[in-house]
Amino acid sequence: MADIAKDQLQNVDESVDKEEEDVVEEEHANGEVKKKKKKKKKKKGKTEANENCNGLEEGVENLTIQGENQEDATDGAAASSSNPKKKKKKKKGSVKTQTDPPTIPIREIFKDNQYPIGEIQDYPIPNDVTWGKNRFTSEEKKTLELVDSEIYNDLRHAAEVHRQTRQYMQKFIKPGLSMIKICEELEETARRLIVENKLEAGLAFPTGVSINNCAAHYTPNAGDPTVLTYDDVMKVDFGTHIGGRIIDSAFTVAFNPKYDNLLKAVKDATNTGVKEAGIDVRLCDVGAAIQEVMESYELELNGKTYPIKSIRNLNGHSISHYRVHAGKTVPIVKRGEATRMEEGEFYAIETFGSTGKGQVHDDMECSHYMKNFDIGHVPLRLSKSKQLLNIINENFGTLAFCRRWLDRLGQTKYLMALKNLCDAGVVDPYPPLCDIKGSYTAQYEHTIILRPTCKEVVSRGDDY
(Lines give C-alpha, C1' and ligand atoms only; values in the text may rest on other atoms or scores of the structure.)
Protein backbone atom coordinates (compact mmCIF):
# COMPACT_ATOMS: atom_id res chain seq x y z
CA MET A 1 0.00 0.00 0.00
CA ALA A 2 2.88 2.36 0.73
CA ASP A 3 4.26 1.75 -2.85
CA ILE A 4 0.89 2.65 -4.36
CA ALA A 5 0.82 5.88 -2.37
CA LYS A 6 4.37 6.75 -3.55
CA ASP A 7 3.31 6.26 -7.19
CA GLN A 8 0.33 8.52 -6.58
CA LEU A 9 2.58 11.15 -5.03
CA GLN A 10 5.01 10.98 -8.05
CA ASN A 11 2.15 11.46 -10.53
CA VAL A 12 0.86 14.46 -8.60
CA ASP A 13 4.40 15.99 -8.48
CA GLU A 14 4.74 15.65 -12.29
CA SER A 15 1.42 17.38 -12.84
CA VAL A 16 2.41 20.11 -10.41
CA ASP A 17 5.75 20.64 -12.26
CA LYS A 18 3.82 21.10 -15.50
CA GLU A 19 1.62 23.67 -13.85
CA GLU A 20 4.74 25.44 -12.60
CA GLU A 21 6.07 25.81 -16.18
CA ASP A 22 2.82 27.43 -17.30
CA VAL A 23 2.84 29.82 -14.39
CA VAL A 24 6.49 30.87 -14.96
CA GLU A 25 5.69 31.92 -18.53
CA GLU A 26 3.10 34.40 -17.20
CA GLU A 27 5.19 35.81 -14.35
CA HIS A 28 6.50 38.82 -16.38
CA ALA A 29 2.98 40.04 -16.90
CA ASN A 30 1.43 39.30 -13.50
CA GLY A 31 4.36 39.36 -11.04
CA GLU A 32 4.10 37.91 -7.56
CA VAL A 33 0.37 37.17 -7.74
CA LYS A 34 0.94 34.10 -9.90
CA LYS A 35 3.85 32.95 -7.78
CA LYS A 36 1.58 32.78 -4.76
CA LYS A 37 -1.00 30.83 -6.68
CA LYS A 38 1.72 28.48 -7.87
CA LYS A 39 2.71 27.73 -4.29
CA LYS A 40 -0.87 27.09 -3.29
CA LYS A 41 -1.32 24.64 -6.15
CA LYS A 42 1.85 22.80 -5.25
CA LYS A 43 0.88 22.58 -1.60
CA LYS A 44 -2.57 21.39 -2.52
CA GLY A 45 -1.22 18.63 -4.74
CA LYS A 46 1.22 17.34 -2.14
CA THR A 47 -1.42 17.49 0.58
CA GLU A 48 -3.74 15.30 -1.49
CA ALA A 49 -0.99 12.72 -1.95
CA ASN A 50 -0.14 12.80 1.76
CA GLU A 51 -3.78 12.30 2.59
CA ASN A 52 -4.01 9.31 0.24
CA CYS A 53 -0.92 7.69 1.75
CA ASN A 54 -1.85 8.39 5.33
CA GLY A 55 -5.44 7.39 4.65
CA LEU A 56 -4.28 3.90 3.66
CA GLU A 57 -2.17 3.62 6.79
CA GLU A 58 -5.09 4.92 8.84
CA GLY A 59 -7.36 2.13 7.63
CA VAL A 60 -4.88 -0.54 8.74
CA GLU A 61 -4.40 1.04 12.18
CA ASN A 62 -8.14 1.32 12.81
CA LEU A 63 -8.54 -2.45 12.37
CA THR A 64 -6.18 -3.09 15.29
CA ILE A 65 -7.43 -0.47 17.74
CA GLN A 66 -10.34 -1.63 19.91
CA GLY A 67 -12.86 0.77 21.33
CA GLU A 68 -12.23 3.53 18.65
CA ASN A 69 -15.53 4.97 17.42
CA GLN A 70 -16.12 6.68 14.06
CA GLU A 71 -15.51 10.15 15.50
CA ASP A 72 -12.09 9.14 16.85
CA ALA A 73 -11.11 7.66 13.48
CA THR A 74 -12.10 10.89 11.69
CA ASP A 75 -10.11 13.00 14.13
CA GLY A 76 -7.09 10.75 13.63
CA ALA A 77 -7.31 11.07 9.84
CA ALA A 78 -7.48 14.88 10.06
CA ALA A 79 -4.41 14.97 12.25
CA SER A 80 -2.51 12.64 9.90
CA SER A 81 -2.89 14.96 6.90
CA SER A 82 -0.44 17.47 8.38
CA ASN A 83 1.69 15.53 10.84
CA PRO A 84 1.73 11.77 11.60
CA LYS A 85 3.16 12.41 15.08
CA LYS A 86 0.17 14.54 16.00
CA LYS A 87 -2.08 11.73 14.78
CA LYS A 88 -0.56 9.30 17.28
CA LYS A 89 -0.89 11.74 20.15
CA LYS A 90 -4.52 12.35 19.24
CA LYS A 91 -5.29 8.64 19.20
CA LYS A 92 -3.64 8.11 22.54
CA GLY A 93 -5.56 10.98 24.10
CA SER A 94 -8.90 9.94 22.59
CA VAL A 95 -9.26 7.07 25.09
CA LYS A 96 -10.90 8.63 28.11
CA THR A 97 -9.50 8.06 31.58
CA GLN A 98 -11.41 8.64 34.78
CA THR A 99 -11.16 11.92 36.65
CA ASP A 100 -10.47 12.31 40.37
CA PRO A 101 -13.04 12.52 41.86
CA PRO A 102 -14.73 10.29 39.27
CA THR A 103 -17.20 12.14 37.04
CA ILE A 104 -17.10 10.40 33.63
CA PRO A 105 -19.83 7.77 33.08
CA ILE A 106 -18.40 4.28 32.76
CA ARG A 107 -20.10 3.77 29.39
CA GLU A 108 -18.12 6.71 27.97
CA ILE A 109 -14.82 5.16 29.08
CA PHE A 110 -15.65 1.75 27.57
CA LYS A 111 -16.99 2.96 24.22
CA ASP A 112 -17.16 -0.56 22.79
CA ASN A 113 -19.64 -1.42 25.58
CA GLN A 114 -17.52 -4.37 26.67
CA TYR A 115 -16.74 -4.13 30.37
CA PRO A 116 -13.94 -5.78 32.36
CA ILE A 117 -14.39 -9.46 33.18
CA GLY A 118 -14.09 -10.26 36.88
CA GLU A 119 -11.73 -12.72 38.53
CA ILE A 120 -12.05 -16.21 37.01
CA GLN A 121 -11.85 -19.19 39.38
CA ASP A 122 -12.10 -22.92 38.81
CA TYR A 123 -14.90 -24.84 40.42
CA PRO A 124 -14.03 -26.83 43.56
CA ILE A 125 -14.60 -30.47 42.61
CA PRO A 126 -12.58 -32.86 44.78
CA ASN A 127 -11.65 -36.30 43.43
CA ASP A 128 -12.35 -35.25 39.83
CA VAL A 129 -9.76 -32.78 38.55
CA THR A 130 -11.00 -33.11 34.95
CA TRP A 131 -14.54 -31.92 35.78
CA GLY A 132 -13.65 -28.22 35.76
CA LYS A 133 -11.39 -28.52 32.70
CA ASN A 134 -14.12 -30.28 30.74
CA ARG A 135 -16.50 -27.45 31.51
CA PHE A 136 -13.97 -24.80 30.56
CA THR A 137 -13.35 -26.35 27.13
CA SER A 138 -16.86 -27.63 26.42
CA GLU A 139 -18.35 -26.11 23.26
CA GLU A 140 -21.83 -26.74 24.64
CA LYS A 141 -21.07 -24.74 27.80
CA LYS A 142 -19.49 -21.95 25.77
CA THR A 143 -22.66 -21.73 23.67
CA LEU A 144 -24.77 -21.43 26.82
CA GLU A 145 -22.64 -18.51 27.93
CA LEU A 146 -23.17 -16.74 24.60
CA VAL A 147 -26.91 -16.81 25.28
CA ASP A 148 -26.38 -14.90 28.54
CA SER A 149 -23.52 -12.70 27.34
CA GLU A 150 -25.61 -9.50 27.52
CA ILE A 151 -26.60 -10.26 31.11
CA TYR A 152 -22.96 -10.82 32.06
CA ASN A 153 -21.96 -7.58 30.37
CA ASP A 154 -24.64 -5.59 32.22
CA LEU A 155 -23.43 -7.07 35.48
CA ARG A 156 -19.81 -6.19 34.64
CA HIS A 157 -20.90 -2.64 33.83
CA ALA A 158 -22.52 -2.34 37.27
CA ALA A 159 -19.42 -3.92 38.85
CA GLU A 160 -17.09 -1.35 37.26
CA VAL A 161 -19.28 1.44 38.64
CA HIS A 162 -19.07 -0.20 42.06
CA ARG A 163 -15.28 -0.57 41.89
CA GLN A 164 -14.58 3.01 40.85
CA THR A 165 -17.07 4.43 43.35
CA ARG A 166 -15.77 2.49 46.33
CA GLN A 167 -12.10 3.12 45.50
CA TYR A 168 -12.81 6.84 45.47
CA MET A 169 -14.79 6.59 48.73
CA GLN A 170 -11.96 4.74 50.46
CA LYS A 171 -9.88 7.89 49.99
CA PHE A 172 -12.78 10.22 50.80
CA ILE A 173 -13.98 8.68 54.08
CA LYS A 174 -12.28 10.21 57.11
CA PRO A 175 -13.04 10.71 60.81
CA GLY A 176 -15.18 13.77 61.43
CA LEU A 177 -17.49 13.30 58.44
CA SER A 178 -21.19 12.89 59.09
CA MET A 179 -22.94 9.71 58.00
CA ILE A 180 -25.21 11.76 55.75
CA LYS A 181 -22.22 13.39 54.02
CA ILE A 182 -20.57 10.00 53.43
CA CYS A 183 -23.74 8.45 51.99
CA GLU A 184 -24.60 11.41 49.78
CA GLU A 185 -21.07 11.58 48.35
CA LEU A 186 -21.06 7.85 47.59
CA GLU A 187 -24.54 7.84 46.07
CA GLU A 188 -24.00 10.93 43.90
CA THR A 189 -20.71 9.48 42.63
CA ALA A 190 -22.35 6.17 41.71
CA ARG A 191 -25.27 7.96 40.05
CA ARG A 192 -22.92 9.96 37.83
CA LEU A 193 -20.90 6.89 36.81
CA ILE A 194 -23.89 4.68 36.08
CA VAL A 195 -26.07 7.45 34.56
CA GLU A 196 -29.05 6.81 36.81
CA ASN A 197 -32.35 6.32 35.00
CA LYS A 198 -35.03 5.05 37.35
CA LEU A 199 -35.40 1.28 36.83
CA GLU A 200 -32.96 1.08 33.90
CA ALA A 201 -29.80 1.89 35.85
CA GLY A 202 -28.89 3.12 39.31
CA LEU A 203 -28.37 2.15 42.92
CA ALA A 204 -29.76 -1.25 43.86
CA PHE A 205 -30.31 -0.49 47.55
CA PRO A 206 -29.47 2.20 50.12
CA THR A 207 -25.89 2.74 51.24
CA GLY A 208 -25.31 0.87 54.50
CA VAL A 209 -22.87 2.57 56.84
CA SER A 210 -23.43 0.46 59.94
CA ILE A 211 -21.08 1.29 62.82
CA ASN A 212 -19.46 -0.89 65.51
CA ASN A 213 -22.02 -3.30 67.03
CA CYS A 214 -24.51 -2.50 64.25
CA ALA A 215 -23.78 -5.04 61.51
CA ALA A 216 -26.22 -4.15 58.73
CA HIS A 217 -29.15 -2.11 57.37
CA TYR A 218 -28.27 1.27 58.86
CA THR A 219 -28.30 4.36 56.68
CA PRO A 220 -29.00 7.79 58.18
CA ASN A 221 -32.42 9.37 57.92
CA ALA A 222 -32.71 13.12 57.43
CA GLY A 223 -31.42 15.03 60.47
CA ASP A 224 -29.29 12.16 61.79
CA PRO A 225 -26.31 13.86 63.53
CA THR A 226 -24.04 10.78 63.71
CA VAL A 227 -20.39 11.51 62.89
CA LEU A 228 -17.68 8.95 62.10
CA THR A 229 -14.82 8.80 64.63
CA TYR A 230 -11.30 7.40 64.60
CA ASP A 231 -12.28 4.45 66.81
CA ASP A 232 -15.30 3.37 64.78
CA VAL A 233 -15.59 0.26 62.62
CA MET A 234 -17.89 1.04 59.70
CA LYS A 235 -19.33 -1.39 57.16
CA VAL A 236 -19.91 0.19 53.72
CA ASP A 237 -22.49 -1.91 51.86
CA PHE A 238 -24.00 -0.61 48.62
CA GLY A 239 -25.34 -1.99 45.38
CA THR A 240 -25.49 -0.97 41.72
CA HIS A 241 -27.56 -2.34 38.86
CA ILE A 242 -27.99 -2.15 35.10
CA GLY A 243 -31.44 -3.24 34.00
CA GLY A 244 -32.02 -5.06 37.29
CA ARG A 245 -28.74 -7.01 37.16
CA ILE A 246 -27.42 -6.37 40.64
CA ILE A 247 -23.95 -6.05 42.13
CA ASP A 248 -24.01 -6.47 45.92
CA SER A 249 -20.61 -5.87 47.47
CA ALA A 250 -19.30 -4.50 50.78
CA PHE A 251 -16.12 -3.63 52.69
CA THR A 252 -15.19 -2.39 56.15
CA VAL A 253 -13.45 0.84 57.15
CA ALA A 254 -11.40 1.10 60.37
CA PHE A 255 -8.79 3.79 61.01
CA ASN A 256 -7.41 2.40 64.27
CA PRO A 257 -5.02 -0.51 63.51
CA LYS A 258 -6.14 -2.31 66.66
CA TYR A 259 -9.07 -3.69 64.62
CA ASP A 260 -6.89 -5.10 61.84
CA ASN A 261 -7.32 -8.71 62.88
CA LEU A 262 -11.11 -8.39 62.85
CA LEU A 263 -11.06 -7.10 59.29
CA LYS A 264 -8.53 -9.71 58.26
CA ALA A 265 -10.69 -12.53 59.67
CA VAL A 266 -13.82 -11.43 57.82
CA LYS A 267 -12.01 -10.80 54.53
CA ASP A 268 -10.40 -14.25 54.76
CA ALA A 269 -13.78 -15.84 55.54
CA THR A 270 -15.44 -14.14 52.56
CA ASN A 271 -12.66 -15.22 50.19
CA THR A 272 -13.03 -18.74 51.54
CA GLY A 273 -16.76 -18.66 50.84
CA VAL A 274 -16.09 -17.45 47.29
CA LYS A 275 -13.53 -20.20 46.77
CA GLU A 276 -15.80 -22.96 48.09
CA ALA A 277 -18.90 -21.86 46.15
CA GLY A 278 -19.66 -23.68 42.90
CA ILE A 279 -22.05 -25.75 40.83
CA ASP A 280 -23.44 -28.73 42.78
CA VAL A 281 -21.83 -27.51 46.03
CA ARG A 282 -24.05 -27.76 49.11
CA LEU A 283 -24.84 -24.44 50.78
CA CYS A 284 -24.20 -25.91 54.24
CA ASP A 285 -20.68 -26.93 53.21
CA VAL A 286 -19.89 -23.36 52.19
CA GLY A 287 -21.11 -22.17 55.60
CA ALA A 288 -18.97 -24.71 57.44
CA ALA A 289 -15.83 -23.63 55.57
CA ILE A 290 -16.56 -19.96 56.31
CA GLN A 291 -17.04 -20.54 60.02
CA GLU A 292 -13.87 -22.60 60.34
CA VAL A 293 -11.77 -19.79 58.87
CA MET A 294 -13.58 -16.95 60.66
CA GLU A 295 -13.32 -18.48 64.11
CA SER A 296 -9.63 -19.31 63.76
CA TYR A 297 -9.00 -15.59 64.47
CA GLU A 298 -9.17 -13.58 67.67
CA LEU A 299 -8.87 -9.91 68.55
CA GLU A 300 -7.12 -8.26 71.48
CA LEU A 301 -8.69 -5.02 72.71
CA ASN A 302 -7.59 -3.14 75.80
CA GLY A 303 -5.74 -6.14 77.18
CA LYS A 304 -8.64 -8.55 76.67
CA THR A 305 -8.80 -11.23 73.98
CA TYR A 306 -12.06 -11.73 72.07
CA PRO A 307 -12.80 -14.72 69.82
CA ILE A 308 -14.15 -13.59 66.46
CA LYS A 309 -17.47 -15.27 65.78
CA SER A 310 -19.50 -15.70 62.62
CA ILE A 311 -22.86 -13.94 63.08
CA ARG A 312 -25.05 -16.99 62.75
CA ASN A 313 -28.31 -15.26 61.78
CA LEU A 314 -26.81 -13.30 58.88
CA ASN A 315 -26.13 -14.95 55.52
CA GLY A 316 -25.15 -14.59 51.92
CA HIS A 317 -27.90 -15.07 49.34
CA SER A 318 -28.77 -15.76 45.73
CA ILE A 319 -29.59 -12.79 43.47
CA SER A 320 -32.01 -12.62 40.55
CA HIS A 321 -33.47 -10.02 38.21
CA TYR A 322 -34.53 -6.95 40.29
CA ARG A 323 -34.41 -9.15 43.40
CA VAL A 324 -31.43 -8.79 45.72
CA HIS A 325 -32.53 -11.68 47.98
CA ALA A 326 -33.73 -14.35 45.58
CA GLY A 327 -34.61 -17.22 47.92
CA LYS A 328 -31.47 -19.27 48.58
CA THR A 329 -29.33 -18.41 51.62
CA VAL A 330 -25.61 -19.02 52.01
CA PRO A 331 -24.97 -19.59 55.74
CA ILE A 332 -21.76 -18.50 57.44
CA VAL A 333 -21.89 -21.23 60.10
CA LYS A 334 -21.93 -25.04 59.95
CA ARG A 335 -25.66 -25.48 60.05
CA GLY A 336 -27.82 -24.68 57.06
CA GLU A 337 -29.55 -26.21 54.08
CA ALA A 338 -28.15 -29.11 52.09
CA THR A 339 -29.55 -27.40 48.98
CA ARG A 340 -27.03 -27.24 46.16
CA MET A 341 -25.89 -24.30 44.11
CA GLU A 342 -26.81 -24.56 40.42
CA GLU A 343 -25.35 -23.59 37.08
CA GLY A 344 -26.28 -20.09 35.95
CA GLU A 345 -27.06 -18.72 39.41
CA PHE A 346 -25.81 -15.45 40.86
CA TYR A 347 -24.77 -15.17 44.52
CA ALA A 348 -23.71 -12.57 47.03
CA ILE A 349 -21.13 -14.24 49.26
CA GLU A 350 -20.99 -12.10 52.39
CA THR A 351 -19.66 -12.81 55.85
CA PHE A 352 -19.95 -10.97 59.15
CA GLY A 353 -17.59 -11.35 62.10
CA SER A 354 -18.26 -10.11 65.62
CA THR A 355 -16.55 -9.77 68.99
CA GLY A 356 -19.99 -10.02 70.66
CA LYS A 357 -22.50 -12.86 70.87
CA GLY A 358 -22.44 -13.58 67.16
CA GLN A 359 -26.18 -12.95 66.82
CA VAL A 360 -28.00 -9.78 65.76
CA HIS A 361 -31.41 -8.31 66.58
CA ASP A 362 -33.53 -5.41 65.30
CA ASP A 363 -32.56 -2.09 66.86
CA MET A 364 -32.68 1.68 66.24
CA GLU A 365 -34.86 3.67 63.84
CA CYS A 366 -35.73 1.98 60.54
CA SER A 367 -34.41 3.46 57.31
CA HIS A 368 -34.41 0.56 54.78
CA TYR A 369 -37.60 -0.54 52.98
CA MET A 370 -38.36 -2.80 50.04
CA LYS A 371 -41.51 -3.68 48.15
CA ASN A 372 -42.58 -7.29 48.63
CA PHE A 373 -41.48 -9.13 45.50
CA ASP A 374 -44.34 -11.66 45.60
CA ILE A 375 -47.17 -9.31 46.59
CA GLY A 376 -50.13 -9.08 44.26
CA HIS A 377 -52.71 -6.32 44.10
CA VAL A 378 -53.65 -5.02 47.53
CA PRO A 379 -56.56 -2.54 47.83
CA LEU A 380 -55.44 0.65 49.59
CA ARG A 381 -57.86 3.10 51.17
CA LEU A 382 -55.58 6.08 51.73
CA SER A 383 -54.96 8.22 48.64
CA LYS A 384 -51.54 9.22 50.01
CA SER A 385 -50.60 5.52 50.24
CA LYS A 386 -51.62 4.98 46.61
CA GLN A 387 -49.60 8.00 45.52
CA LEU A 388 -46.53 6.84 47.48
CA LEU A 389 -46.81 3.33 46.03
CA ASN A 390 -46.83 4.83 42.52
CA ILE A 391 -43.59 6.69 43.36
CA ILE A 392 -42.03 3.46 44.68
CA ASN A 393 -43.10 1.45 41.62
CA GLU A 394 -41.81 4.08 39.20
CA ASN A 395 -38.43 4.70 40.83
CA PHE A 396 -37.50 1.53 42.75
CA GLY A 397 -39.82 -1.31 41.73
CA THR A 398 -38.79 -4.27 43.89
CA LEU A 399 -35.37 -2.79 44.72
CA ALA A 400 -34.75 -1.50 48.24
CA PHE A 401 -34.98 2.21 49.07
CA CYS A 402 -34.66 4.51 52.07
CA ARG A 403 -36.37 7.58 53.47
CA ARG A 404 -33.59 9.89 52.23
CA TRP A 405 -34.34 8.77 48.67
CA LEU A 406 -38.03 9.60 49.10
CA ASP A 407 -36.99 13.03 50.41
CA ARG A 408 -34.79 13.46 47.33
CA LEU A 409 -37.79 12.79 45.07
CA GLY A 410 -39.69 15.61 46.77
CA GLN A 411 -41.93 13.46 48.92
CA THR A 412 -43.10 15.08 52.17
CA LYS A 413 -45.28 13.96 55.08
CA TYR A 414 -45.21 10.37 53.85
CA LEU A 415 -44.48 8.49 57.09
CA MET A 416 -48.13 7.60 57.72
CA ALA A 417 -48.53 6.37 54.14
CA LEU A 418 -45.30 4.37 54.40
CA LYS A 419 -46.51 2.76 57.62
CA ASN A 420 -49.80 1.93 55.93
CA LEU A 421 -47.96 0.19 53.07
CA CYS A 422 -45.93 -1.80 55.61
CA ASP A 423 -49.04 -2.76 57.60
CA ALA A 424 -50.71 -3.92 54.37
CA GLY A 425 -47.71 -6.12 53.54
CA VAL A 426 -46.98 -4.24 50.30
CA VAL A 427 -43.66 -2.91 51.62
CA ASP A 428 -41.37 -4.65 54.12
CA PRO A 429 -39.28 -2.66 56.64
CA TYR A 430 -35.66 -3.71 57.27
CA PRO A 431 -34.49 -2.12 60.53
CA PRO A 432 -30.81 -2.02 61.56
CA LEU A 433 -29.36 -5.33 62.82
CA CYS A 434 -27.14 -5.09 65.91
CA ASP A 435 -25.09 -7.34 68.18
CA ILE A 436 -24.68 -6.44 71.88
CA LYS A 437 -23.51 -2.95 72.77
CA GLY A 438 -19.76 -2.58 73.10
CA SER A 439 -19.02 -5.23 70.48
CA TYR A 440 -17.50 -4.68 67.04
CA THR A 441 -18.60 -6.18 63.74
CA ALA A 442 -17.08 -6.28 60.25
CA GLN A 443 -18.31 -7.33 56.79
CA TYR A 444 -16.91 -8.18 53.36
CA GLU A 445 -18.97 -9.26 50.37
CA HIS A 446 -18.63 -10.19 46.68
CA THR A 447 -21.04 -11.01 43.86
CA ILE A 448 -20.25 -14.14 41.84
CA ILE A 449 -21.63 -15.76 38.68
CA LEU A 450 -21.74 -19.56 38.42
CA ARG A 451 -21.11 -19.55 34.69
CA PRO A 452 -21.40 -22.83 32.73
CA THR A 453 -17.62 -22.89 32.09
CA CYS A 454 -16.21 -21.25 35.22
CA LYS A 455 -16.87 -19.12 38.30
CA GLU A 456 -16.55 -15.35 37.89
CA VAL A 457 -16.05 -13.08 40.90
CA VAL A 458 -17.51 -10.15 39.03
CA SER A 459 -17.11 -7.52 41.80
CA ARG A 460 -13.45 -8.32 42.54
CA GLY A 461 -11.10 -5.34 42.58
CA ASP A 462 -7.56 -4.37 43.54
CA ASP A 463 -8.88 -3.22 46.93
CA TYR A 464 -10.56 -6.48 48.02
- Across all chains, not counting sequence neighbours, the side-chain hydrogen bond (donor to acceptor under 3.5 Å, both in side chains) partners of Thr447 are none
- Item | Nearest atoms (heavy-atom pairs only) where Leu406 meets Phe401 | CD1-CE1, 4.0 Å
- Test Asp248 against every option in His317, His325, His446 by the side-chain hydrogen bond (donor to acceptor under 3.5 Å, both in side chains) rule and name the one that passes. His317
- Item | Residues Tyr414, Ile391; criterion side-chain contact (heavy atoms from CB on, under 4.5 Å); working and verdict | CA-CA 11 Å; Tyr414 56 78; Ile391 293 294; over 6 Å; no
- Task: Walk me through it: do Leu399 and Ile246 pass the test side-chain contact (heavy atoms from CB on, under 4.5 Å)?
- Result: CA-CA 10 Å; Leu399 299 173; Ile246 300 169; 3.7 Å; yes
- Note on the structure: To the nearest 0.5 Å, atom CD of Glu119 lies from atom OG of Ser459 at 9.5 Å
- Item | Heavy-atom side-chain proximity of Phe396 to Tyr369 below 4.5 angstrom | no
- Message: Testing the 3.5 Å rule here: is there a donor-acceptor pair between the side chains of Lys357 and Ser439?
- Response: no
- Query: Can you tell me how far the CD1 atom of Ile308 sits from the OH atom of Tyr440, to the nearest 0.5 Å?
  - Reply: 13.5 Å
- Main-chain N/O of Val274 paired with Lys455 side-chain donor or acceptor, under 3.5 Å: yes
- Hey, is Arg245 close enough to Asp148 for a salt bridge, meaning N to O under 4.0 Å? no
- Arg135 with Glu343: basic N within carboxylate O range, under 4.0 Å: yes
- Item | Minimum side-chain heavy-atom gap Glu295-Pro307 below 4.5 Å | no
- Task: With sequence neighbours excluded, tell me which residues meet side-chain hydrogen bond (donor to acceptor under 3.5 Å, both in side chains) with Arg404.
- Result: Glu187, Thr219
- Message: Once side-chain contact (heavy atoms from CB on, under 4.5 Å) is applied, do any residues pair with Val281, and if so which ones, sequence neighbours excluded?
- Response: Pro124, Val286
- Query: Heavy-atom distance under 4.5 Å between the side chains of Met179 and Ile211, does that happen here?
  - Reply: yes
- Query: Please walk me through it: do Gln167 and Gln98 pass side-chain contact (heavy atoms from CB on, under 4.5 Å)?
  - Reply: CA-CA 12 Å; Gln167 287 170 3; Gln98 191 54 270; over 6 Å; no
- Message: Looking at Arg403 and Asp407, is any side-chain nitrogen of the basic one under 4.0 Å from a carboxylate oxygen of the acidic one?
- Response: no
- Item | Glu160 side-chain N/O to Ile106 backbone N/O, donor-acceptor pair under 3.5 Å | no
- Would a distance-only check, ignoring hydrogens and angles, find a side-chain to backbone donor-acceptor pair under 3.5 Å from Asp285 to Ala338? no
- Backbone of Asp231 reached by a side-chain donor or acceptor of Lys258 within 3.5 Å: no
- Message: Could you report the tightest heavy-atom contact between Met364 and Cys214, atom names first, then the distance?
- Response: CE-SG, 3.7 Å
- Query: How long is the gap from CH2 on Trp405 to CD1 on Ile392, to the nearest 0.5 Å?
  - Reply: 12.5 Å
- Heavy-atom side-chain contact between Thr270 and Glu350 under 4.5 Å: no
- Query: NZ of Lys141: more than 12 outside heavy atoms within 6.0 angstrom?
  - Reply: yes
- Message: Is any side-chain heavy atom of Pro102 closer than 4.5 Å to one of Thr189?
- Response: yes
- Considering only heavy atoms from C-beta outward, does the side chain of Ser367 approach that of Pro206 to under 4.5 Å? no
- Message: Just checking Lys264: does its NZ atom have more than 12 heavy atoms from other residues, nucleotides or ligands closer to it than 6.0 angstrom?
- Response: no
- Donor-acceptor pair, His321 side chain versus Gly243 backbone, under 3.5 Å? yes
- Go through the side-chain N and O atoms of Thr441 and Asp435 and say whether any donor and acceptor fall under 3.5 Å apart. no
- Item | Heavy-atom closest contact (Ile290 atom, Pro331 atom, distance) | CD1-O, 3.9 Å
- Indicate the atoms forming the closest heavy-atom contact of Pro257 with Tyr230, along with that distance. CD-OH, 3.6 Å
- Flag yes if more than 12 heavy atoms outside Gln387 fall under 6.0 Å of its CD atom; otherwise flag no. yes
- Residue pair Tyr123, Asp280: steps toward the side-chain contact (heavy atoms from CB on, under 4.5 Å) verdict: CA-CA 10 Å; Tyr123 285 120; Asp280 293 338; over 6 Å; no
- Item | Distance, nearest 0.5 Å, that separates CD1 of Ile448 from CE of Met341 | 5.5 Å
- Message: Rounded to the nearest 0.5 Å, what separates atom CG in Leu418 from atom CG in Asp423?
- Response: 9.5 Å
- In this structure, OG of Ser354 is separated from CD of Gln443 (nearest 0.5 Å) by 12.5 Å
- Nearest atoms (heavy-atom pairs only) where Tyr115 meets Asn153: N-OD1, 3.2 Å
- Query: Can you list the steps and then say if Asp224 with Thr226 is a side chain to side chain donor-acceptor pair (under 3.5 Å)?
  - Reply: CA-CA 6 Å; Asp224 189 325; Thr226 308; 2.6 Å; yes
- Between Met370 and Asp428, is any pair of side-chain heavy atoms under 4.5 Å apart? no
- Item | Donor-acceptor contact present, side-chain Thr240 to main-chain Ala158, <3.5 Å | yes
- May I ask you to decide if Leu146's main-chain N or O and Ser149's side chain share a donor-acceptor pair within less than 3.5 Å? yes
- Message: So for atom CD, which belongs to Glu108, do other residues, nucleotides or ligands contribute more than 12 heavy atoms lying within a distance under 6.0 Å?
- Response: yes
- Task: Give a yes or no answer on whether the side chain of Thr165 reaches the backbone of His162 with a donor-acceptor pair at less than 3.5 Å.
- Result: no
- Any chance the side chains of Asn393 and Lys371 put a donor and an acceptor closer than 3.5 Å? yes
- Taking atom CD of Glu292 as the centre, does the number of heavy atoms from other residues, nucleotides or ligands within less than 6.0 Å exceed 12? no
- Item | Any donor-acceptor pair under 3.5 Å from His368 side chain to Tyr430 backbone | no
- Answer yes if the side chains of Asn212 and Asp232 hold a donor-acceptor pair under 3.5 Å, and no otherwise. yes
- Electrostatic pair Glu188-Arg191, nearest N-O below 4.0 angstrom: yes
- Over 12 non-hydrogen atoms of neighbours within 6.0 angstrom of CZ in Arg107: no
- Kindly assign one of parallel, tilted or perpendicular to the pair Phe251 and Tyr464, based on the angle between their ring planes and the thresholds 30° and 60°. tilted
- Item | Under 3.5 Å donor-acceptor, Glu456 side chain and Ile449 backbone | no
- Any idea which heavy atoms bring His241 and Ile194 closest together, and the distance? O-CD1, 3.2 Å
- Flag the pair Ile182 / Val236 as yes when at least one side-chain heavy-atom distance between them is below 4.5 Å, and no otherwise. no
